[in-house]
Amino acid sequence: MKKSKLLTGVISLIALTTIVACGSTTPTETTSSKDNTPTVSENMVDPKVPEDLKSLSCEITFWHTMGKTNQGTLDTLITDFNKAYPNVKITHSQQGGYDDIRDAIAKAIPAQTTPTMAYCYPDHVADYIPSDSVVKLDDYMNSKKIGFGVDNGLGDNGVDDIVATYLDEGNHYTKNGEAYPGYYSLPYSKSTEVMFYNKTVFDENGWSVPTTWDQLWKLCETIKATYPEVTPFGYDSDANFYITYCEQMGIPYTTGEGKEHFLFNNDQAKNFVTKLKEYADKGYWTSQAILGSGTYTSTKFTAEELLMTVGSTGGTTYNYSENFEVGVAAVPQADLSKGKVIMQGPSITFFSSASMNERIGAWLFYKFITNTKNSAIWSVETGYNPIRTSSFQEDIYKNRTGTGKATLVKAVADYMSTSDYNKWYYTSPAFKGSSAARLEVGSLMGAVMLGTKTVDQAFSDALANCLFAA
Amino acid sequence: MKKSLNLFLLGFAALALCACGGTPSVNPDNSSDGTPADSSVGTQAEWVDYAKQTKLTHDYNGKEFLKDGIGEVTLVTKVDGDTAHFKQKTGDSGTIKGRYNCIDTPESTGMLEPWGHGASEYNGKLLKEAKHIVLSTDKADGQGAPALDSTGGRYLIYVWVTTEEHPVLDDFICVNLALCQEGWSKAKGTSGKEYADAFISASVQAQTKKLHVWSDEQDPDFNYADPVKVTLQDVIDGKDSKGLPYDWNGSKVTFDAYVAAVGPDQGACYVVRDFEKTKSDGTKYTQRYGMYIFTQYIVYSPLQVIGNELEISGTVSEYNGTLQLVDVSYSDYYHEDGDIKILSTGNEDKVQPLTGNAGKFASDEYINTVVSVDLVCTGGYATVNTATTSAYSFTLYCHDKNNPSEELNIRISDSISIKYPDTLTRIKDDIPFFKGEKSIAESTGKGTDTRKVEYISITGGLVKYVTSNGRTTYQVNLCKGTGLTLHMSEK
C-alpha cells in the first residue's frame, strides 16, 4: 500500500514536471502504446481519474460513419449521458464511409488533429498502430475507478457479457509482423451475415431452406428449372463470400504474423473459385461484382429477381419487401458442426493525441453507450447486433414490436438471440495490408466470374497487388 | 493575446494581397444571396472558383450515362439539394434517380434542416438555367456503367451544367462542386474520388468564409418556431383559428388525425379526420379531410398502424400542388415534446375508405383521403427503375367502370409488385394487359390462360398531379399491392 502511494507520488511528480515543462494545464498520460511493457504492474489510469468524477470537464470529438437516422439516436444517447456528466461536451461528425474515415484519420495523425474517439475497422487500427496514435485500453478496462463493471452512474456495463468474439477482435493486432498485445479497439455496431430468402415462393413450391453449400447448389438447379428468368442465389459481398468459404473449408487466406501475410494463392482456393465460376455461368448465383454498378443483391432480391441473398444484418431493412414474405436463415455452411460466419461492423478506437481528461470522458461515454440497456436500444433502432448477451434479455429487445421493415429487423434479432449463431463468428487477422487482401480477393472473384481474367491470372494479379500495397 | 494574433494575421493577409498586386475575385454568390458579410480575415483572402477551375474532361458526345458512365440528360425533377431525377437524351428512357457525389446537403423534403431549403433552391436554379446537362460517374468507380449509392436505388452522379447553347467541354461547371463551394454542403465521402482535392479545398474555403452551413447565423428560410396547434380542416381549408384565410405552407403545426393507409413510400401514410360542416341552408354534413405524411423513408411505428389516432407535429409543405406534412419525429425509447403521440388505437371504423365513382373523386374535395373505386384502364405508361430489370412504376389512364366520361388515373410505385392473377410473376412493361387487350398467356408468353383484365378495383390515396403541359389530373395512389384487384374475364 505504502509502495503504491509512493509510486503514485513519483508518477504525479513526473506528470507535474511534464506539465510544467510543456506549459500545459491538462495532464497527458504517457502514451500507453509507447510503454507497452510497463515496469510497474499498477494501473496507469486510476491515479489520473479525478476525485470528483461527475465534475469532469472536457470536450470529446467522435468521428463516425453514421447516417442521419442513427445520428439522431446517438444525439439522444449524448443527451442522456450528459445528465450524468454535464460537463463532458461531445460533438460528433460523420466523415463519409469507412474508407473516408480511415483516410481522414491518416491525414489527422501527423497533424495531431485526430478526434478523441472514432469508428474503426481492425485493419484501420492496424494502420494507426505503427505511429503509436491509438490508446491501449487495458488499463481503462481494468481500472478500479472507471473500468468495466464500475457503475460510475452509467448503468450495467460489466465485461463478462460482451460477446467474446467481439471483444477479442480488438486484441489481435500486430506490429511489424509481431503480436502487439493489448486492446486497441472495442466493439460497437456489430453485425454478421445471414441469408434472406423469399419465403412466399419457397412455401409455394415446398422447398426446404438449404443449410449447406451442397444443398444450396442442388436447390439452385431446381429453381432454375422452375423459374428460368430468376437467379436463385446472390451473395452481396464478393470478398465476404471468398473469405467465409475459405474459413469454412480451412483454406489458407492470410496471416497477421511473420513476413508472409498473403496465403490465398493456393490450389484449394483456385479449385473452389473455378467451381463458383461454373455455377455463375449456369446462372445459379450473382454478386455485387457480377451485377456491376455497385448494385446490391438486396436490390435484386426485393425486385424478385433473386430468391435467396446473403447480406449484412446491418443492412437488413434493404432486404425487406411488402410484396412477399422474407425468411431469415443461416449462411450456408461447408460443415455444420464447424459453422463459420463473418463478424463485421465498426468498433471504436481512442486516440493518444487526446488529453487524459478527454480520454477518461470518451471512455465513460463508450461505457454508457454500450451498457446493457443502450446496447439493446442501439440494436432495436439500427438493426446492428447488441454487443452484450444481457441485452437480449432487456424488455426493450424482447418485447420489441415492429411493422413494415421493422418486422424483418425483429426476425433477424429473434434469430440471433435464439440460435447459437454468435458461436460461429470468425474474424480475419488485421495487419498492415489486410485491407488490400480483402479488396483484392473481392476483385479476383469479380474478374473470374465475369470472365475478364483466368483463374490463375486473377490469383497471381491479386497477390502482386497485395504485395505492392503492403 | 488572441487579438494581437489576429492583427498579425490581418497584416499578413494584407501583405499577401499587396504582393499579389491584384484585386481578389469575389464570390459571385456571396453578394446576392443574403449571406451576411463576414468581417473575419477569411473574407479578405483570395476567392478561388474551384467550380469553374474544375473541368469536364471526359467527352460525352454519342455516349449514354447508363451504359458508358457519362451522357447528356434532361431534367425530370429536382428533389432537393443533392438529389434529382433525369432521363437520358438517347437510349434507355427509364428514370435515373441521381444522388450527387461527394456532398450531402441539409434535408429539405421529409426532414427539414437549416440551409436545406436554400441548398435545394440553389441546385434547382443551376439545373433550371442549364441549356445542357451531363451526368458522369466517378472515374474511381470504373469506366462504363455508373455506380449506385448505398440504398441501391440511386446512381452516384456528378452533374455538369452549362448555359451555352453550343458548349465545349470547358463550358460546363460541376453542380456538386458549386454547392460545396457556396457552403450549401460540406464535402463528404471524397476519399479516392476523382475530384477529391477540389471538393476538400472548396469546402475549406466555404468554411473559412462561413458560408451557409458553415455560418454562425440562423438560416432565414428555416422555421425555428414551435408548432401551432390547429385542426386538419383549418390547414387544408387555409384558414386560421378565427376563420381568416391563412397559408399554412411552411408552418409548423400540430393536429389530431387517424392513420387511414400506410405507404406507398416507406414509412409514409395517409391520415384523415371527419369534420362536421354546415351548408348555406343550415343542414349539417360530414366532410373528410386528409393529409399525406412523408417521413423520408424512416419508419415511425405509430404511423404504420391503421386506426391509430395520433397527435402529429410537423411542417406543412407543398408537393405537386398538394399539401403534405413532413419533418415528423418519434422514438420508442427517447420521447421528446414534438414527437408523434398515440391518442387511441383500434379506430378502423373511422378510416374506412370513401367509396364512389370516378367523377366524385376527380376533384380537390377529397384530396389526400383514402378512396376505393372501380376503374377501366384505357392506356398509360410504365417506367422501369433502372437499378433493376423488373421493378416498374405505372401510370394507368382510366375512367369510371360505369361512366367512360369520368376520368381518374391510377399510380403504382415501382416498390409495389403487381402480379398476374394466381401466379408469382410480376407484371412488367405491358399496358395492353391492363387495358384488357392481351391475355395472361399473351402477356407472359407462357401457359394457356386466356383471361383478360375487365376492370380494376383500387383503394389508395387520392392525389392531384399536374402534367408537364399544365393539365391537372387526379390519381389514386396505390399504397400496398393488396389495394389493387384485377377483375378478369372468364377463362
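In what follows, chains carry the letters A, B, and so on, assigned in the order in which the sequence lines appear, proteins first and then strands, with residues in each chain numbered from 1.
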What part of [X] gets within 4.5 angstrom of chain A, counting heavy atoms only: side chain, backbone, both, or neither?
X        : value
B:Lys419 : side chain
B:Gln266 : side chain
B:Ile200 : side chain
B:Val262 : neither

Is [X] in contact with chain B via its backbone, its side chain, both, or neither, using a 4.5 Å heavy-atom distance?
X        : answer
A:Asp236 : neither
A:Val230 : neither
A:Asp99  : both
A:Ala303 : both
A:Asp80  : side chain

Can you tell me if [X] uses its side chain to pair, donor with acceptor, with the backbone of [Y] under 3.5 Å?
X        : Y        : result
A:Glu305 : B:Thr389 : yes
A:Asp100 : B:Lys188 : no
A:Asn323 : B:Gly481 : no

Taking NZ in A:Lys107 as the centre, count heavy atoms belonging to other residues, nucleotides or ligands within less than 6.0 Å. Is the count above 12?
no

More than 12 heavy atoms of other groups within 6.0 Å of B:Asp197 CG:
no

Reported OG1-to-OH distance for the pair A:Thr317 and B:Tyr297, which is rounded to 0.5 angstrom
14.0 Å

Looking at CG of B:Leu148 and OG1 of A:Thr299, how far apart are the two atoms once the value is rounded to the nearest 0.5 Å?
7.0 Å

So B:Thr425 and A:Tyr227, do their side chains get closer than 4.5 Å, heavy atoms only?
no

Taking every non-hydrogen atom, the tightest pair across B:Leu424 and A:Glu204
CD1-CG, 3.8 Å

Are side-chain N/O atoms of B:Ser390 and A:Glu304 paired as donor and acceptor at under 3.5 Å?
no

